[in-house]
Amino acid sequence: MKIYEFPIAPNARRVSIFLAEIELEIERINVDIRGGENLTAEFKEKAANGLIPFLELDDGTCICESIAICRYLESVHGQPVPSLFGESPLEQANIEMWHRMVEFQIMVPLLQAFRNISGIYQDRENINQEWGEESKQRFIDALSTFEVQLGAQPFVAGDRFSIADITLFSFLNFARVIKFKLDEDTPNLSHWFTSMKARPSIASTEP
Ligand SMILES: N[C@@H](CCC(=O)N[C@@H](CS)C(=O)NCC(=O)O)C(=O)O
């Protein structure tokens with residue numbers, strides 16, 4: 001198996017953290033997405049979404065989308081106990097709920113802000129600065145939900161570490177690209193972020 005990635009990219013980072021959590025080592029192939037290596041026909045033939053990360057199995061089968069990759073690897077590797085996606089039906093639903101909230105309220109606006117403010121991918125998409133600024137504000141506004149949650153619970157989805165923490169950490173860590181840093185306005189998030197940085201799976205995957 002091989003993982004195609006670009007280590008500083010937040011989606012690649014969340015898969016790397018997940019792999020470290022389940023203690024699975026896989027061959028890594030670096031793809032220069034900023035130089036457009038993912039725009040080739042050869043790349044698109046392998047990755048259905050044309051993006052990194054994607055996983056290539058030994059028989060040539062390719063799986064893209066970070067969470068599909070994590071779910072597959074957890075299943076074939078033998079999931080860590082307890083699973084980072086939850087155990088009981090209620091816990092699975094709760095983790096899924098918080099993870100989707102992280103993805104839609106934090107990840108999506110942050111990525112829109114990054115892409116539209118920096119114009120980093122203007123070789124492949126139209127840029128709208130105003131939409132970038134609006135997205136940055138939406139990202140900042142959404143933090144309050146997680147600030148409240150982390151005041152009541154040690155982890156995003158409750159009393160233990162899950163995929164929701166992995167995704168929130170990966171994207172908040174990436175937020176420096178839009179000149180955003182957690183500060184005293186969000187003490188619970190800041191405290192959680194510092195403790196996440198010390199977690200072995202996170203410390204060991206710092207690019
Ligand atoms: N939904 C996908 C998103 C993947 C994604 O956005 N990858 C970015 C890097 S973080 C990428 O490949 N960007 C290159 C481009 O947009 O051309 C996932 O979860 O894996």
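For ligands, and for the atoms within them, numbers begin at 1 and follow the listed sequence. Note that the coordinates shown come from a computational prediction; the quantities given were computed from them, not determined experimentally.
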Note to self: Heavy-atom contact check, 4.0 Å cutoff: does R14 meet ligand 1?
What the structure shows: yes
Notebook entry, point to check: Applying a 4.0 Å heavy-atom criterion (strictly less than), which segment of I67 is in contact with ligand 1: side chain, backbone, both, or neither?
Noted result: neither
Check: What's the shortest distance from atom 1 (N) of ligand 1 to any protein heavy atom, and which residue and atom give it?
Finding: E65 OE1, 2.6 Å
Margin query: When you measure from the centre of the six-membered ring of F161, is the NZ or CZ of R199 closer than 6.0 Å and no more than 45° off the axis?
Written below: yes
Next item on the list: For R28, enumerate each residue passing the salt bridge (charged side-chain N to carboxylate O under 4.0 Å, His left out) test, keeping only those at least two apart in sequence or located in another chain.
Entry: E5
Item checked: Atoms in ligand 1 flagged as close to P10, the criterion being non-hydrogen separation under 4.0 Å -> 10 (S)
Checklist line | Short side-chain donor-acceptor distance under 3.5 Å, S162 and H99 | finding: no
Check: To the nearest 0.1 Å, how far is atom 3 (C) of ligand 1 from its closest protein heavy atom, and which atom is that?
Finding: N11 ND2, 3.6 Å
Notebook entry, point to check: Can a salt bridge be assigned to the pair R160 and E87 using a cut-off of 4.0 Å between side-chain N and carboxylate O?
Noted result: no
Next item on the list: Answer with yes or no whether R34 contacts ligand 1, where contact means a heavy atom under 4.0 Å from a ligand atom.
Entry: no
Next item on the list: May I ask you to check if ligand 1 and I52 share an N or O to N or O distance below 3.5 Å?
Entry: yes
Next item on the list: Compare S66, G36, C64, P53 and give the one whose heavy atom is closest to atom 18 (C) of ligand 1.
Entry: S66
Note to self: Nearest 0.5 angstrom please: F171 CZ to E103 CD, how far?
What the structure shows: 7.5 Å
Margin query: Please tell me whether F180 and F139 form a close aromatic pair, meaning their ring centres lie under 6.0 Å apart.
Written below: yes
Notebook entry, point to check: Looking only at protein heavy atoms, which one is nearest to atom 13 (N) of ligand 1, and how far off is it?
Noted result: L51 CD2, 3.7 Å
Check: With no hydrogens and no angle check, is any side-chain donor or acceptor of N173 less than 3.5 Å from a backbone partner on F169?
Finding: no
Item checked: Salt bridge flag under 4.0 Å for residues E42 and K46 -> no
Checklist line | Nearest protein heavy atom with distance in Å, relative to atom 14 (C) of ligand 1 | finding: N38 ND2, 3.5 Å
Note to self: Distance under 4.0 Å to a non-hydrogen atom of A9: what atoms of ligand 1 satisfy this?
What the structure shows: 9 (C), 10 (S)
Next item on the list: Please confirm whether R115 comes within less than 3.5 Å of ligand 1 when only nitrogen or oxygen atoms on both sides are compared.
Entry: yes
Notebook entry, point to check: With a 4.0 Å heavy-atom cut-off (strictly under), which part of I33 contacts ligand 1: side chain, backbone, both or neither?
Noted result: side chain
